[in-house]
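Data first, discussion second: the structure below is written as structure tokens.
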Amino acid sequence: MTIEFFVNGMPVLVQADPMKRLLDILRENLSMAGTKEGCGEGECGACSVLMDGRLVNSCLIPMAQVEGTRVETIDGLRESAAGQILSEAFAEAHSVQCGFCTPGMMMATLALLKGNPDPTEGEIRLALSGNICRCTGYDMIIDGVMLAARRAREQGVAW
């Protein structure tokens, strides 16, 4: 099946089994290794991407659902001003432990800040609740999100 969609603003056309996972297409067909596979069951959030602005676990999305959508990945985020702010804030707040969950955490953060650029700690914890960090660094991740939100407001950068 031919599936046409957008990834990080660029049109993409792939031949794929409609039941193949979006995660596999991103990593194998499009060589976008930034999106990680953790549990492969939608429990850990390591594979989080935005699809039409909504946070999804790409390991649970069959390609049949991707036709005509707009997918944003960590590979695209890192190229943006918002991505730079987020990366710097996570680094400065020591939000990155082993780094494996970081792409998913950053995409969940992006989804949150797009809708709520000034979240409370409770709102951040709720927004990131679908993402698991096995290094137990949640407080530092929350600090990184709050720092990124503040810097974006100060610099006038839109999410």
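Note that the numbering runs from 1 along the sequence shown for the chain. The shown structure was predicted, so the numbers you read here are calculated from the model rather than taken from an experiment.
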Sequence neighbours left out, what pairs pass salt bridge (Lys or Arg N to Asp or Glu O under 4.0 Å) with at least one residue falling in residues 96-105? none

By the salt bridge (Lys or Arg N to Asp or Glu O under 4.0 Å) test, which pairs, at least two apart or in different chains, include something from residues 37-53? Arg21-Glu37

List for me each residue that meets side chain to side chain donor-acceptor pair (under 3.5 Å) alongside Asp143, sequence neighbours excluded, and say none if there are none. none

Is any side-chain heavy atom of Val66 closer than 4.5 Å to one of Phe6? no

Between Asp24 and Arg27, is the salt bridge (Lys or Arg N to Asp or Glu O under 4.0 Å) condition met? List the steps. CA-CA 5 Å; Asp24 299 323; Arg27 292 184 58 84; over 6 Å; no

If you measure from OG1 on Thr109 to CG on Leu128, what distance do you get to the nearest 0.5 Å? 4.5 Å

Determine, using the 4.5 Å side-chain heavy-atom cutoff (strictly less than), whether Met1 and Val7 are members of one ILVMFWY cluster. yes

Report the hydrophobic cluster partners of Leu23, with the cluster defined as I, L, V, M, F, W, Y residues connected by side-chain heavy atoms closer than 4.5 angstrom, directly or transitively. none

Nonpolar side-chain network containing Leu13, other nodes, edges under 4.5 Å: none

Please check this pair: side chain of Thr73 against backbone of Asp75, looking for a donor-acceptor N/O pair closer than 3.5 Å. yes

What pairs of residues pass the side chain to side chain donor-acceptor pair (under 3.5 Å) test when at least one of them lies in residues 110-130, not counting sequence neighbours? Glu72-Lys114, Asn116-Glu123, Asp118-Arg153, Thr120-Glu123, Glu121-Arg125, Arg125-Asp139

Which side-chain N or O atoms in residues 88-100 pair as donor and acceptor under 3.5 Å with protein atoms at least two apart or in another chain?
unit_1 : atom_1 : unit_2 : atom_2 : d
Glu92  : OE1    : Arg151 : NH1    : 3.1
Glu92  : OE1    : Arg151 : NH2    : 2.9
Glu92  : OE2    : Arg151 : NH2    : 3.0
Ser95  : OG     : Phe90  : O      : 3.4
Ser95  : OG     : Met140 : O      : 2.7
Gln97  : NE2    : His94  : O      : 3.3

Show which side-chain atoms of residues 54-62 pair as donor or acceptor with protein atoms under 3.5 Å away, not counting sequence neighbours.
unit_1 : atom_1 : unit_2 : atom_2 : d
Asn57  : ND2    : Gly42  : O      : 3.2
Ser58  : OG     : Cys47  : O      : 2.8

Considering all heavy atoms of both residues, which atom of Leu22 and which atom of Met51 are nearest to each other, and what is their separation? CD2-SD, 4.4 Å

Taking salt bridge (charged side-chain N to carboxylate O under 4.0 Å, His left out) as the test, write out the residues that go with Lys20, two or more places apart. Glu28

